[in-house]
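Not measured: the values here are computed from a predicted model. Order of the sequence lines fixes the chain letters, A, B, ..., with proteins taken first and strands second; residue numbering starts at 1 for each chain.
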Amino acid sequence: MTSTNLVLLLLGLGLATFFYGRQKAYVVSKSHGGMRNMHSLPSQHGVMVGLWCVLPALLLVLFWKLAEPSVISSLLNSSIPASISEAGEKSVGLYKNDIANIIESGTASSDPEKQAVAERWVALSSISSWVLVAITLALAAIGAAIALRKISADTRARVMVERVVHWFLIICSSIAILTTVGIVCSVLFEAVRFFQQVSFVEFVTGTKWSPQTAIRVDQIGSSGSFGAIPLFTGTLLISAIAMVVAVPIGLLAAIYLAEYASDRMRAYAKPLLEILAGIPTVVYGFFAALTVAPAIREWGELIGLSPSSESALAAGVVMGIMIIPFVSSLSDDVITAVPQAMRDGSYALGATHSETIKKVVLPAALPGVVGGILLAASRAIGETMIVVMAAGLAANLTANPLEAVTTVTVQIVTLLTGDQEFDSAKTLAAFALGLMLFITTLILNVIALYVVRRYREQYD
Amino acid sequence: MNTQTTTSGSGTSAASDAFDQLKETVGDVTVTDPKMCARNVDVFYGDNQAIYDVSLDIGNNEVIAMIGPSGCGKSTFLRCLNRMNDSIPSCRVSGDMSLDGEDLYSTSLDPVLLRARVGMVFQKPNPFAKSIYDNVAYGPRIHGLASNRAELDDIVISSLQKAGLHEEVHDRLDAPGTSLSGGQQQRLCIARTIAVSPEVILMDEPCSALDPIATARIEELIDELRQNYAIAIVTHSMQQAARVSQRTAYFHLGKLVEVGSTNNIFTNPQHELTENYITGRFG
């Protein structure tokens, strides 16, 4: 029996014992003069019985499956020929791999000695799995029996069930937190390896980015220089252009939707605006590269400038369009949430609609609006696809939006899509960039939280 | 029409008969020195008529209390007096209303300017998300009442003084208005209203969210403000109406049943419905 089937069987047993336990609780309640005299409801007793049945057994399966490979492998050590175990750990590992291959392929090996070991392994595994099934079912039965005996008027089944649920919730939330920590750590460790090869000072102060390193020792001319400043200025330039586009348009759209639009208009316009956020960024990317960038080039030439065909402006403008819904949707929500009483107070003083919006509604909604803007900014800084397609790869240190620039995210993509060995400075640079990017957006988020908290006013 | 009154005891059928027969308001709806006049006002929310043929004057330097059971239309009537009902799309007003003889609902009148002359204080204190100073300075600023900072300071301080709040907040005018207690917030809202020098102040149950001590302070304040303003106050508390007002109007299911001097209304009500309400038989 595979462990999946075993778990399914356990869950089935749990369900069955739940119903049985609930039924039994009904019966018990009758003999105690009705439900009123029971501490917990029958369904809570049922859940208690089900949990007693399933949880210990499930934990056993988990630990068994974790321990099984190493236990079996140590049991096999005795059957490994002395010549191999004397040759050191590496050859033992190789030998075991061979055995595993034999089992996997299902074909008989030419070496009868190995064949014997493989058969022993298979036999041990099968014994292990049947023992597991037996012990698990026994444990489930014992658990259910204990719990069934516990059903009585005074048993605090509700408290027990709630405690289990409580721990379950804690486990779920720690999974999210631990994943974040894990991601940060993996980026951090690779970045530390990078900084062992390239100095941190050079990385954050260097103005030249040319990550080509020699593949072979005798190669010449590509020693690599890892100055990240052009990348960060490129990122900031494009993000700034995006914000210049997105903040006014998004905010004004939100004001229109929240304050002026009729209900009908709002019902159609808001979802339509939010569709912008649903367009895949790669689609925005070729919109930027094939439509906006050439248009900018033409217009630039009309007024006597010579924009490059891949410009920061094109990428920034399209990115700005992409993040409009982030600004507008969140701002719309917070503007709508400003209480009507506050608007009435303003109207009652003889303020016009626009004065009320400018001086009462927007200040009250400011924390939420700022939150939305900073969220959009984080999104712009982390955006990759549009810039890959529209902004180019040249790491120019420039503030001219008509020139090609590159961003941190674009460089991470190009660094990791080459066939470089994984421990070269070039590849590891991607992790250092990722770490810096992460820190930048983290700082932005912290500022956002601070601003929101600092200016939050209670409405009522 | 369906009578939603929760009548109790002996007066049930007699009261609803009295209401059905009600044709005219009992008592004199006019005053010698009117500030605002309403004549034959009907108000509709969509298809529902909320106010039936109400005529009432609000005199200079008087406090008129509007009382009546919930849903009787007193707040609706009050909100018509400075056209706050304009923001409700389904609301329709017919009849004549005037301020110093000027028609409130004529097309030439700008409701924004009207509201600067007829201020309003709401049931729940609703300070803006601004400092105490900016809350009071808001009205003067948007109407350009002060040409420099010193004048603005004067307006703010005198308004806070008139609202009886200056003593308590003079050293923290920069604190947010929302940091004050409920009673202080309501006095801040009154100061804010006074700051634009209105001619009439409408109060919609200004004390219903306040404790008795804060209520007493607001009532004192209303009595002082009477020297300079015409005040109309909607209240659920008959004791409050008796304490602060000179005239009282009793509304019932959208009709104005009886108007008279507060003394007469509370000691010698003429109409059966008024008597029932005052004596607590329903409402």
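Rounding to the nearest 0.5 angstrom, the gap separating the OG atom in Ser87(B) from the CZ atom in Arg343(A) is 10.5 Å.
Ranked by heavy-atom pairs under 4.5 Å with chain B, the first of Gly350(A), Gly345(A), Ser346(A) is Gly350(A).
Heavy-atom contacts from other residues, nucleotides or ligands closer than 6.0 Å to CZ of Arg163(A) number 12 or fewer. Residue-environment remark: CG (Asn148(B)) exceeds the threshold of 12 foreign heavy atoms within 6.0 Å. Around the CG atom of Leu178(A), the shell of radius 6.0 Å holds more than 12 heavy atoms that belong to other residues, nucleotides or ligands.
Heavy-atom minimum distance, Ala348(A) versus Met120(B): CB-CB, 3.7 Å. When all heavy atoms of Met342(A) and Phe128(B) are compared, the closest pair comes out as O-CE2, 3.3 Å. Pairing each heavy atom of Lys359(A) with each of Tyr138(B), the nearest pair is CB-CE1, 3.4 Å. Of all non-hydrogen atoms in Ile142(B) and Leu349(A), the two that sit nearest each other are CD1-O, 4.3 Å.
Both the backbone and the side chain of Arg192(B) come within contact range of chain A, with heavy atoms under 4.5 Å apart. In this structure, chain A has no heavy atom under 4.5 Å from any part of Val121(B). In this structure, chain B has heavy atoms under 4.5 Å from both the backbone and the side chain of Thr356(A).
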Exercise for the section: Show your working on side-chain contact (heavy atoms from CB on, under 4.5 Å) between Asp86(B) and Tyr347(A) and close with a plain yes or no. Expected result: CA-CA 11 Å; Asp86(B) 285 16; Tyr347(A) 293 139; over 6 Å; no
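A distance-only check finds no donor-acceptor pair linking the side chain of Lys130(B) to the backbone of Pro363(A) [under 3.5 Å].
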